[in-house]
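Working notes, structure below.
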Amino acid sequence: MSRAAVLTSQVSDFPRWYQDVVAKAQLADNGPVRGTMVIRPYGYAIWERMQAELDARIKDAGAQNAYFPLFIPESYLQREAEHVEGFSPELAVVTHAGGKDLEEPIVVRPTSETIFGEYMAKWVQSYRDLPLLLNQWANVVRWELRPRVFLRTSEFLWQEGHTVHATQADAAAYARRILHETYAAMMVDVLAIPVIPGIKTPKERFAGAAHTLTCEAMMRDGKALQMGTSHEMGQNFARAFDIRFLDAEGERPYAWTTSWGASTRMVGGLIMTHGDDSGLRIPPRLAATQVVVTMVKAGEGVAELAGTLVDDLRAAGVRVALDDQVAVAYGRRAVDWELKGVPVRIEIGPRDVTAGTVTVVRRIPGTKTPTPVAGVVAAVEEALSADQAALLREAEEFRDSRTVDVATIDEATEAAGSGWARIPWAAVGEEGEARLAESAVTVRCLLRPDGSVPEAEDEPDLIAIVGRSY
């Protein structure tokens, strides 16, 4: 008799499959307030690994972590008109606290450009104070009308960087460094998600920004997900918050600023890029637990061998856990570990102890290999390296197979039904964007013909990546 399916299949109902994975892999639950989420320990462990990888790269780029308040005076947002207009429908505003009406409404931060701007103006006095490179790990609130766990929630976790520079060139270079060396590098090398870095069109750029740079990824239903953005803010916020500095000539010009962020949306992207009908598949470099040593049954030296292998793997630098819950049926435990996407499972039973072998089960290719105990550590290290590369290669091949070159808006709209279209930006323009929007299709980003990121959206011969998105 075939085993009953644990998850809805991706082909039959991709949104339901996603919800099934989130619930059954114990990643998150819906929160008590509509649009909020409770991140469960296994889901939070994935986020912590993402956070650690990003944080190290942010610090390598010279930024320092700080923390700013959750509450922002409404007047701060009003000082940058385009910014507040862009966020106005999403704002949560506090008007009553401490048993009385507030003299000034307080906004729960949707992002922190305005409050950073207030203090950066205070801290920057001279060119010697520049560049000022700050980052914070925080929660933000954007009141979401159509929430989906990890992808769009009214409250989510993220990092947001905010920097001040003496020149436009320095600010632009830093925003691009974050895009390539922090975001794209981490997403490709650790998450095994082959993102495309590009520049947003004026219609799609961040409210108040001069340019928005983005990392776009294709999910397994062919839709795009914006995984992270880096913004050149020009002097908009410097003018609004009077961020000026005394230069070497004794003048006080306005500074140039950037902002950039990536969020728990990356967890959703991970699920939808690599997951299959058996659940998650976690890239080995990301996995909080890379290997689980599983006791099939107790007795006859099983616990002793399992403990030895855990110690050997840990000594080799592998993140390993022991599953000794033999009171729970092994089949159920095996399904649970598959759902959670742990890259390697080592099965040990009494007969394995007698034979001097164990079974190495690899989640990503789905193989089971009898392996001598003496060769387990080497086999695991080889599997982790190979399977990291395999996930990236598979995601690249999937994306490329679902991306087509087209010449017209109608062709782009049709292609977006199953993936992405590549179309000359000159054939789209503002009028074409409006036509695409009628079919819920957007320009995800603009690229040069060689795939590099343009300086601006008005460069000649740019290519637009077009698709439906989350």
Side-chain angles (χ1 to χ4, degrees), residues 9-15 17-18 151 179-180 183-184 187-188 191-205 212-229 265 268-277 389-454 457-470:
S9 74
Q10 291 184 352
V11 172
S12 65
D13 190 338
F14 193 84
W17 168 84
Y18 178 83
L151 300 176
L179 180 76
H180 293 291
Y183 292 158
M187 291 166 189
V188 172
L191 305 189
I193 297 178
V195 293
I196 293 183
I199 190 170
K200 288 289 190 182
T201 68
K203 180 179 181 298
E204 294 292 327
R205 73 169 58 126
T212 288
L213 312 172
T214 182
C215 288
E216 300 287 327
M218 182 185 286
M219 306 295 99
R220 290 182 69 87
D221 61 352
K223 290 184 179 180
L225 185 70
Q226 180 179 287
M227 296 282 288
T229 49
R265 174 179 284 194
L270 179 83
I271 297 167
M272 294 193 295
T273 299
H274 298 312
D276 62 17
D277 284 352
L391 273 184
L392 178 61
R393 182 171 60 250
E394 181 182 315
E396 287 175 336
E397 290 171 353
F398 179 84
R399 181 197 64 196
D400 293 347
S401 72
R402 295 286 194 100
T403 303
V404 297
D405 291 306
V406 302
T408 68
I409 296 297
D410 288 341
E411 290 173 334
T413 301
E414 181 180 357
S418 59
W420 292 353
R422 287 170 44 92
I423 181 173
W425 174 229
V428 183
E430 291 185 13
E431 181 180 343
E433 276 194 282
R435 285 182 57 196
L436 289 168
E438 293 172 0
S439 301
V441 178
T442 55
V443 176
R444 303 313 308 156
C445 63
L446 303 176
L447 309 171
R448 290 175 177 149
D450 64 0
S452 62
V453 180
E457 72 279 351
D458 57 359
E459 287 186 19
D461 303 322
L462 295 184
I463 301 297
I465 302 296
V466 172
R468 290 185 169 85
S469 68
Y470 285 94

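None of these values were measured; they are calculated from a predicted model.
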Going through the checks in order, is the side chain to side chain contact (heavy atoms under 4.5 Å, CB included) test met by Arg265 and Tyr470?
CA-CA 10 Å; Arg265 174 179 284 194; Tyr470 285 94; 5.9 Å; no
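- No donor-acceptor contact under 3.5 angstrom links the side chains of Asp410 and Thr408, judged on distance only.
- The main-chain N or O of Glu394 is never found under 3.5 Å from a side-chain atom of His274 such that the two would form a donor-acceptor pair.
- Counting heavy atoms from C-beta on, the side chains of Thr201 and Trp425 come closer than 4.5 Å.
- Atom CD of Glu414 has 12 or fewer heavy atoms from other residues, nucleotides or ligands within 6.0 Å.
- Asp461 is not listed as a side-chain neighbour of Pro424, based on a closest heavy-atom distance of 4.5 Å or more.
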As a quick check of understanding, evaluate side chain to side chain contact (heavy atoms under 4.5 Å, CB included) for Arg448 and Val453, giving each step before the final call.
CA-CA 6 Å; Arg448 290 175 177 149; Val453 180; over 6 Å; no
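- Geometrically, Arg220 does not engage Phe14 in a cation-pi contact defined by less than 6.0 Å to the ring centre and at most 45° from the axis.
- Counting only heavy atoms from C-beta outward, the side chains of Gln226 and Cys445 never approach each other to under 4.5 Å.
- Ile271 has its side chain within reach of Trp17: a pair of non-hydrogen atoms, C-beta onward, lies under 4.5 Å apart.
- Using a cutoff of 4.0 Å between basic side-chain nitrogens and carboxylate oxygens, Glu216 and Arg444 are scored as salt-bridged.
- Side-chain contact, Thr442 with Glu204: no donor N or O sits under 3.5 Å from an acceptor N or O.
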